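Comments concern the structure below.
Residue numbers start from 1 in every chain, and the chains themselves are labelled A, B, ... in the order their sequence lines are given, proteins ahead of strands. Since we're looking at a predicted model, the values are computed, not measured. Both backbone and side-chain heavy atoms feed into the values below; hydrogens, waters and symmetry mates do not.
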Number of protein chains: 2
Amino acid sequence: MGDRRPLPPDLFDEICPSGLLPFRFGDKWAALVMACLEDGPRRFSELRVPLSRVTPKVLTQSLRGLERSGFVAREAGEYALTPLGRSLLEPLRAACAWAEEHWDELLDAQERVIPSPRAAGHPPRPPAR
Amino acid sequence: MGDRRPLPPDLFDEICPSGLLPFRFGDKWAALVMACLEDGPRRFSELRVPLSRVTPKVLTQSLRGLERSGFVAREAGEYALTPLGRSLLEPLRAACAWAEEHWDELLDAQERVIPSPRAAGHPPRPPAR
DNA sequence: CAGAATCCTGGGGGATACTG
DNA sequence: CAGTATCCCCCAGGATTCTG
């Protein structure tokens with residue numbers, strides 16, 4: 001590892017903590033929506049199929065957010081990835097690959113519930129896909 | 001692009017939307033904390049230097065969250081990345097690299113504020129580092 | 001079909017103050 | 001120094017209902 005110099009106070013001085021940083025990008029469903037648009041434009045109703053657990057309002061919100069960020073464009077009722085959005089798929093894939101690769105470690109960590117405040121949380125959802 | 005087959009309804013069937021997926025991982029400051037631990041273990045007060053805008057309570061929260069996820073371990077007042085946490089730095093880096101590479105496009109999108117509900121948001125923070 | 005309007009709730013996360 | 005304890009506010013995001 002490095003040299004253990006003290007951390008400079010201005011390391012993140014004016015940085016918006018995770019504003020434009022694509023970790024923690026978009027809202028809860030954004031990543032999934034992006035994935036759905038991978039193969040080409042989709043209409044609202046098409047998106048609702050795999051995202052059946054998302055209410056239309058929330059899906060709309062998510063899409064509007066992605067539009068505002070410039071990742072998705074809507075044209076004639078069709079949602080499509082912009083070039084920028086498509087380029088974002090790359091780091092997204094990397095992240096997914098990482099998750100699959102470390103899936104069991106992630107679940108392990110979930111198990112050995114460290115004394116969390118609100119304990120007795122959700123039972124870990126079974127993996128899928 | 002692909003074949004435009006309809007999206008299968010079970011595409012994300014049992015998936016926790018972005019639960020274990022490292023996009024949208026942790027809380028607001030998690031990524032920054034991880035970055036601070038890159039060069040080796042740090043004590044609470046060391047972390048507070050670059051994260052001066054984060055209150056101790058919130059920083060603690062963030063650290064506890066990272067512990068519970070198995071990304072950070074605390075030992076004798078020192079916080080350090082676990083192997084799992086360290087491995088997460090890779091996709092994180094990829095994401096950061098992407099952000100830097102598309103910085104101007106990201107800002108552009110921010111500018112041309114598409115008719116958002118609560119308009120007149122924050123002025124875009126200037127980039128740093 | 002493609003949303004918009006309305007209502008409601010949890011908890012993320014900031015400010016401030018206090019403690020072992 | 002390394003956190004807790006309180007208080008509080010906002011808003012993501014879900015349920016439900018209504019509309020062009």
Check the distance between [N]'s [atom2] and [X]'s [atom1] and give it to me in whole angstrom.
X       : N      : atom1 : atom2 : value
B:Arg53 : C:dA15 : CZ    : C1'   : 15 Å
A:Leu59 : C:dA2  : CG    : P     : 11 Å
B:Gln61 : C:dA15 : CD    : P     : 13 Å
B:Glu78 : D:dC1  : CD    : P     : 14 Å
B:Asp27 : C:dG11 : CG    : C1'   : 12 Å
A:Lys28 : C:dG12 : NZ    : C1'   : 14 Å
A:Trp29 : D:dG13 : CH2   : P     : 9 Å

Side chain to side chain donor-acceptor pair (under 3.5 Å) partners for [X], two or more places apart:
X        : result
B:Thr55  : none
B:Gln61  : none
B:Glu101 : none
A:Ser52  : none

Exercise for review: Sort and list the pairs that fulfil ring-ring contact (aromatic ring centres under 6.0 Å, His included) and have at least one residue in residues 42-71 of chain B, not counting sequence neighbours.
Suggested key: B:Phe25-B:Phe71

Point to revise | Residues in side chain to side chain contact (heavy atoms under 4.5 Å, CB included) contact with B:Arg93, at least two apart in sequence or another chain | key: B:Glu38

I want to check one thing: is the phosphate of [N], taken as OP1 and OP2, less than 4.0 Å away from some side-chain N or O of [X]?
X       : N      : answer
A:Arg43 : C:dA2  : yes
A:Ser45 : C:dA2  : yes
B:Arg24 : D:dG13 : yes

Practice item. Please give the angle, rounded to 10 degrees, between the axes at the start and the end of the helix from C:dC1-D:dG20 to C:dG20-D:dC1, where five pairs define each axis. Key: 50°

Review point. Under the salt bridge (Lys or Arg N to Asp or Glu O under 4.0 Å) test, which residues partner B:Glu90, sequence neighbours left out?
Key: none

Which atoms of nucleotides 3-7 of chain C (N or O only) lie under 3.5 Å from a protein N or O atom, and what are those distances?
unit_1	atom_1	unit_2	atom_2	d
C:dG3	OP1	A:Arg64	NH2	3.4
C:dG3	OP1	A:Arg74	NH1	3.4
C:dG3	OP2	A:Tyr79	OH	2.7

Point to revise | Salt bridge flag under 4.0 Å for residues B:Arg64 and B:Glu67 | key: yes

Review point. Could you state the interatomic distance from CD (A:Glu105) to OG1 (B:Thr82), rounded to the nearest 0.5 Å?
Key: 8.5 Å

